[in-house]
Amino acid sequence: MKIEEVHEKANLVLEEVGKAIVGKEGVLKMILTTILADGHVLIEDLPGLAKTLMAKSFAGALGLEFRRVQFTPDLLPSDILGVSVFNQKTLEFEFRRGPVFTNVLLADEINRSPPKTQSALLEAMQERQVTLEGHTYELPRPFIVIATQNPIEQEGTYPLPEAQLDRFLVRLRVGYPNREEEKEILRRRMERKREEIEIKPVVRAEEVMEMQRAIEDVYVSDPILDYIVALVNATRNDRRNLEIGASPRGSLALLKLSRAYAAIEGRDYVIPDDVKRVAIPALSHRLILKRELWYTRVSQESVMAKILEKVPVPKFE
């Protein structure tokens with residue numbers, strides 16, 4: 001598939017998802033960018049901001065199988081991965097697949113479950129496979145986890161461990177709609193006269209995988225690579241605000257996301273603006289603030305924004 005086709009199909013997907021989600025074009029574009037980069041999405045924000053609807057809408061528009069798991073304190077790893085059941089007729093154990101065997105898995109309120117259950121997704125997210133009782137089962141492709149979580153200040157939540165956070169290619173914030181957007185949400189609800197929103201598939205699973213493969217043809221010049229490395233190194237050298245900076249996985253995340261973003265824009269090459277657009281969602285959750293900043297207004301996103309301002313942008317003649 002050529003980049004021009006990726007651009008056209010991406011716009012069709014965003015247009016279809018836009019029927020369900022009012023505004024938030026930047027967030028929707030970043031979710032699609034992450035899907036084309038074959039990564040996982042963590043959406044962190046307050047309840048009621050259409051996080052679940054976004055995941056379901058993208059699965060519908062992309063023609064992918066969708067399953068949802070509501071994470072609760074009593075959820076077990078087997079509830080996600082599956083379990084072996086003894087068949088009395090054949091006198092053998094049979095593996096009954098859990099909801100993780102799908103294309104798009106919505107891990108709703110993932111921080112409501114304890115770390116043992118959260119970690120059940122680690123192998124699936126990284127290796128696209130599940131290993132149980134010595135047997136390895138491949139997951140369908142494409143496989144995307146879209147997880148939502150409420151801010152950790154709320155009661156009854158378990159902060160995601162750093163190893164799990166690092167598996168997500170991006171962390172996004174949705175934010176409240178403005179007054180006009182909220183009015184449009186109400187108007188659309190009145191017009192359709194029902195809660196459900198119909199999203200039609202505009203591409204198929206095979207086309208999604210072709211779009212993902214096409215991203216590999218997007219050209220990245222040496223100055224852009226130097227810029228990516230400089231941004232990641234700046235997070236490691238920020239001794240004032242950060243305890244730990246981004247790892248090489250962060251560099252790879254910037255590379256994959258900037259290529260996917262360029263393709264959605266219809267370009268077969270990456271420019272510095274592509275890297276800047278994806279840097280905050282790609283790197284912020286990989287940074288660990290110094291302890292004395294935990295209870296201040298300093299956030300990982302604000303630290304990353306300052307780093308973007310300081311690191312020189314490559315110039316092309």
Original post:
Could you go step by step and tell me if I244 and L287 meet the side-chain contact (heavy atoms from CB on, under 4.5 Å) rule?
Top reply: CA-CA 6 Å; I244 298 176; L287 311 179; over 6 Å; no

**OP:** Inspect the contact between R188 and E191 and indicate whether a charged nitrogen and a carboxylate oxygen are less than 4.0 angstrom apart.
**Re:** no

Original post:
Who else is in L252's hydrophobic cluster (ILVMFWY, side-chain heavy atoms under 4.5 Å, direct or via others)?
Top reply: none

Original post:
Please walk me through it: do E16 and K19 pass salt bridge (charged side-chain N to carboxylate O under 4.0 Å, His left out)?
Top reply: CA-CA 5 Å; E16 188 67 23; K19 294 178 180 178; 3.0 Å; yes

**OP:** Output yes when K310 and D238 qualify as a salt bridge under the 4.0 Å nitrogen-oxygen rule, no when they do not.
**Re:** no

Original post:
Are E109 and Q149 close enough that a side-chain donor and a side-chain acceptor fall under 3.5 Å?
Top reply: no

Subject >> Donor-acceptor pair, side chain of S284 and main chain of P281, under 3.5 angstrom >> reply: no

Original post:
Under the 3.5 angstrom rule, does the side chain of S113 hit a backbone N or O of I110 as a donor-acceptor pair?
Top reply: no

Original post:
Does NZ belonging to K56 count more than 12 external heavy atoms closer than 6.0 Å?
Top reply: no

Original post:
Has the side chain of T235 got a donor or acceptor atom that lies under 3.5 Å from a matching backbone atom of A246?
Top reply: yes

Original post:
Where the side chain of N233 meets the backbone of V229, is there a donor-acceptor pair that is under 3.5 Å apart?
Top reply: yes

Original post:
Is the charged tip of R141 near the ring of F143: under 6.0 Å from the six-membered ring centre and within 45° of its axis?
Top reply: no

Original post:
Are E5 and K2 close enough for a salt bridge, meaning some N to O gap below 4.0 Å?
Top reply: no

**OP:** Measure the shortest side-chain to side-chain distance between L139 and V100 over non-hydrogen atoms and say whether it is less than 4.5 angstrom.
**Re:** yes

**OP:** Would you check if the side chain of T131 reaches a backbone N or O of T136 as a donor-acceptor pair within less than 3.5 Å?
**Re:** no

Subject >> Close side-chain approach of L62 to V13, heavy-atom, < 4.5 Å >> reply: yes

Subject >> NZ/NE/NH1/NH2 to OD/OE distance under 4.0 Å, R128 and E123 >> reply: no

Original post:
Are V313 and D273 side-chain neighbours, meaning at least one heavy-atom pair lies under 4.5 Å?
Top reply: no

Subject >> Salt bridge flag under 4.0 Å for residues E94 and R96 >> reply: no

Original post:
Taking the side chain as C-beta and beyond, is there a heavy-atom pair between E4 and H7 under 4.5 Å?
Top reply: no

**OP:** Specify the closest pair of heavy atoms between M304 and L283, including all atoms of both residues, with the distance to one decimal.
**Re:** CE-CD1, 3.7 Å

Subject >> Rounded distance [0.5 Å steps], CZ in F101 versus CZ in R67 >> reply: 9.5 Å

**OP:** Could you walk me through whether K306 and E309 pass salt bridge (charged side-chain N to carboxylate O under 4.0 Å, His left out), step by step?
**Re:** CA-CA 5 Å; K306 290 181 180 178; E309 292 175 358; over 6 Å; no

**OP:** Apply salt bridge (charged side-chain N to carboxylate O under 4.0 Å, His left out) to R194 and list each qualifying residue two or more places apart in sequence or on a separate chain.
**Re:** none

Subject >> Residue pair H40 / V145: nearest heavy atoms and the distance that separates them >> reply: ND1-N, 2.9 Å

Original post:
Ion pair present between D274 and R259, side-chain N to carboxylate O less than 4.0 angstrom?
Top reply: no

Original post:
Given side chains that start at C-beta, do those of V220 and S258 come closer than 4.5 Å, heavy atoms only?
Top reply: no

Subject >> Side-chain heavy-atom pair R192, I197 within 4.5 angstrom cut-off >> reply: yes

Original post:
Below 4.5 Å, heavy atoms only, C-beta onward: do T52 and R68 meet side chain to side chain?
Top reply: yes

Subject >> Linked hydrophobic residues, V85 as query - side chain contacts closer than 4.5 Å >> reply: V83

Original post:
With a 4.5 Å limit on heavy-atom distance, are the side chains of I144 and I146 in contact?
Top reply: yes

Subject >> Exercise: identify the closest heavy-atom pair between A20 and L53 >> reply: O-CD2, 3.7 Å

**OP:** Mark yes when over 12 heavy atoms from residues, nucleotides or ligands other than E15 sit less than 6.0 Å from its CD; otherwise mark no.
**Re:** no

Enumerate donor-acceptor pairs with a distance under 3.5 Å from any side-chain N or O in residues 169-177 to protein atoms, sequence neighbours excluded.
{"from": "R171", "atom 1": "NH1", "to": "Q300", "atom 2": "OE1", "distance (Å)": "3.3"}
{"from": "R171", "atom 1": "NH2", "to": "Q300", "atom 2": "OE1", "distance (Å)": "2.7"}
{"from": "R171", "atom 1": "NH2", "to": "E301", "atom 2": "OE2", "distance (Å)": "3.0"}
{"from": "R173", "atom 1": "NE", "to": "E301", "atom 2": "OE2", "distance (Å)": "3.2"}
{"from": "R173", "atom 1": "NH1", "to": "E44", "atom 2": "OE2", "distance (Å)": "2.3"}
{"from": "R173", "atom 1": "NH2", "to": "E301", "atom 2": "OE1", "distance (Å)": "3.4"}
{"from": "R173", "atom 1": "NH2", "to": "E301", "atom 2": "OE2", "distance (Å)": "3.0"}

Original post:
So, does R286 use its side chain to make a donor-acceptor pair with the main chain of A282 at under 3.5 Å?
Top reply: yes

Table please: side-chain donor-acceptor pairs of residues 199-212 below 3.5 Å, with sequence neighbours left out.
{"from": "E207", "atom 1": "OE1", "to": "R204", "atom 2": "N", "distance (Å)": "2.9"}
{"from": "E207", "atom 1": "OE2", "to": "K9", "atom 2": "NZ", "distance (Å)": "3.0"}
{"from": "Q212", "atom 1": "NE2", "to": "I35", "atom 2": "O", "distance (Å)": "2.8"}

Original post:
Do any pairs count as a ring-ring contact (aromatic ring centres under 6.0 Å, His included) and have a residue in residues 105-139, sequence neighbours left out, and if so which ones?
Top reply: F95-Y137

Original post:
Can you name the nearest heavy-atom pair linking S251 to I228, along with the distance?
Top reply: O-CG2, 3.8 Å

Original post:
How long is the gap from OG on S221 to CD1 on I224, to the nearest 0.5 Å?
Top reply: 4.5 Å

Original post:
Would D38 and K256 pass as an ion pair if we require N to O under 4.0 Å?
Top reply: no

